[in-house]
Amino acid sequence: MTSAPAIRARGFGWRHPRRHTWALGGIDLDIRQGERVLVLGASGSGKSTFLLAIAGLLDGSGGGEMRGTLQVLGEAARRGSRAVGLVFQDPHSQIVMNRAGDEIAFGLENRAVRADEIWPRVDQALAGVDWPYDRQRPTSALSGGEQQRLALAGALALSPRLLLLDEPTANLDRMGADRFRAALANQLDDPSMTLVVVEHRVGDWLPLIERVVVLDAGAVVADGARERVFADRPMLDRLGVWLPETEPSVAPPVPAGGEVLLEAHSAAFRYPAGPMGQAASGLADFSAALRGGEAVALTGPNGSGKSTALHLLGGLVRPSSGRVEATRALALDDASEPWKWPARLLASRVGSVFQDPEHQFLTSSVADELALGPRLAGAGADPVQQATVELMERLGLTHLAEAHPFTLSGGEKRRLSVAVVLATHPAVLLLDEPTFGQDRRTWGELRDLVIAERDRGAALAIASHDPTFLGAVASRTVTMGDS
């Protein structure tokens, strides 16, 4: 291993627009070429911002402020470096082509790879992440986990000297995550490749990493060999970092027998033809009943239709066949099919948390986002203020009250999107990957808030690859098959 640094930060800091505090403040750090480094820290501690800085994607022209220096592979960090590969926390933001194979080929073409090498490398990259389709799969028809898998394949196909991964397996099913790590291990046979990975649930990553850097409030608070850092349990506990060999103990919920509020009867949905004329299957023959006071887990591999099922139950799409019906206990005197309800009525009875949090933000500050729903529902000023303050405090968002939702970290966006729905206490709650990007403390707060909604009589359906969370809140499971 050479001693030349792949990454060198000296007094490096970054402040987002409209923020008083620095997301990163005075980082001094060297990462040598060929090192495999895990970056840990509480949600919002600056981990994703640091990866974006290394990739040259922080732009001060929008009002952000940078200080200190950051060198990557011997020169100032810059956008578009051919030697750096990055998988974003939100994979949707980096997919640009209409077909999966073209997405991988696009990056190779931009690196001037020979034409006769492109498609073999595309196929090799897709196989390495257990891609379940052919090259022609429309990217518009991919689930969130499939988008993540495709973004991973695109990064690996480039054989970068510096590979940056931001929670790369968080939305993958167990088999897909295991196969990705196996493919990555093969890439790491090259001793010159440097790996920097951000993850919260770290146990499965330990065989691939040798050094751990811990951030707190944008500063390095621990750095060293993995065994030495993980030995400091008090520090990691204080920060809410997930420890490698521990999961929170949970009491399994008692099955509830409340009244049925919402039912799907052999419901199906087929996505319309994409830009290339290909229609993509979505979901077929889905049946489920949601009862008040009960949480139902939707499980299954990526692409099995979990998110589509939530959209059908939530009245966000019209079934291609079959029916989704609200019983009189939920519908009252309104049309029994939620997709027919006006938006105001639907939002007052069914709360949906999307897989991509940004799809549901409407205002320019965290506090306004949390207050919007209760205000539209007719709540008075004092109850709105009380609910907003309580949710921000419980979910670690108080210091971000005036921040724009789009500037939050991935984990902060996820907590805000869940809190926005919880603020109105709808009768039905539909949650898509509600614990993505959470540290141990915020995970526990989300668990407790969701359990409280269930126990007050709400009906819940939760799509997730987090078995510990599902075991804590759900008493019944619907396993989805391949679509």
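The structure displayed is predicted, hence computed values, not measured ones. By convention here, the first residue in the shown sequence is residue 1.
Side-chain contact check for Asp204 versus Thr169: every heavy-atom pair is 4.5 Å or farther apart. With a 4.5 Å cut-off on side-chain heavy atoms, Val196 and Phe50 do not count as touching. By the 4.5 Å heavy-atom criterion applied to side chains, Glu167 and Phe436 are counted as neighbours. Two residues are said to be in side-chain contact when any heavy atoms from C-beta on lie closer than 4.5 Å; Leu208 and Arg36 fail this criterion. Residues Leu165 and Val198 are not in side-chain contact: their nearest non-hydrogen atoms beyond the backbone lie 4.5 Å or more apart. Residues Ile462 and Leu310 are not in side-chain contact: their nearest non-hydrogen atoms beyond the backbone lie 4.5 Å or more apart. Annotation: side chain of Leu40 is in contact with side chain of Val212 (closest heavy-atom distance under 4.5 Å). Proximity of Arg211 to Asp223: side-chain heavy atoms (C-beta onward) are separated by under 4.5 Å at one or more points.
Judged purely by atom type and a 3.5 angstrom limit, Thr194 has no side-chain atom pairing as donor or acceptor with the backbone of Leu162. Judged by distance alone, with hydrogens and angles left aside, the side-chain atoms of Glu325 form no donor-acceptor pair with the main-chain N or O of Glu263 at under 3.5 Å. Of the possible donor and acceptor atoms, one in the side chain of Arg440 sits under 3.5 Å from a partner among the backbone N and O of Val241. Under the 3.5 Å distance criterion, the side-chain polar atoms of Thr477 are left unmatched by any main-chain donor or acceptor of Ala297. Distance alone, capped at 3.5 Å, is enough to place a donor-acceptor pair between the Lys47 side chain and the Gly41 backbone. In this structure, the side chain of Arg375 does not engage the main chain of Val384 through any donor-acceptor pair within 3.5 Å. The backbone N or O of Phe88 lies less than 3.5 Å from a partner atom in the side chain of Gln94, making a donor-acceptor pair.
None of Gln438, Arg415, Arg394 except one satisfies the side-chain hydrogen bond (donor to acceptor under 3.5 Å, both in side chains) rule with Glu445; the exception is Arg394.
Of all non-hydrogen atoms in Ala264 and Leu313, the two that sit nearest each other are CB-CD2, 4.1 Å.
Taking the six-membered ring for Trp and thresholds of 30 and 60 degrees, Trp443 and Trp242 have ring planes more than 60 degrees apart, a perpendicular arrangement.
Remark: Asp237 does not engage Arg441 in a salt bridge, criterion side-chain N to carboxylate O under 4.0 Å.
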- Message: If you apply the rule salt bridge (charged side-chain N to carboxylate O under 4.0 Å, His left out), what do you find for Arg149 with Glu146, and how did you get there?
- Response: CA-CA 5 Å; Arg149 206 177 297 185; Glu146 290 167 344; over 6 Å; no
- Task: For the pair Val353 and Asp432, evaluate side chain to side chain contact (heavy atoms under 4.5 Å, CB included) and give the outcome as yes or no after the intermediate values.
- Result: CA-CA 6 Å; Val353 173; Asp432 201 343; 5.6 Å; no
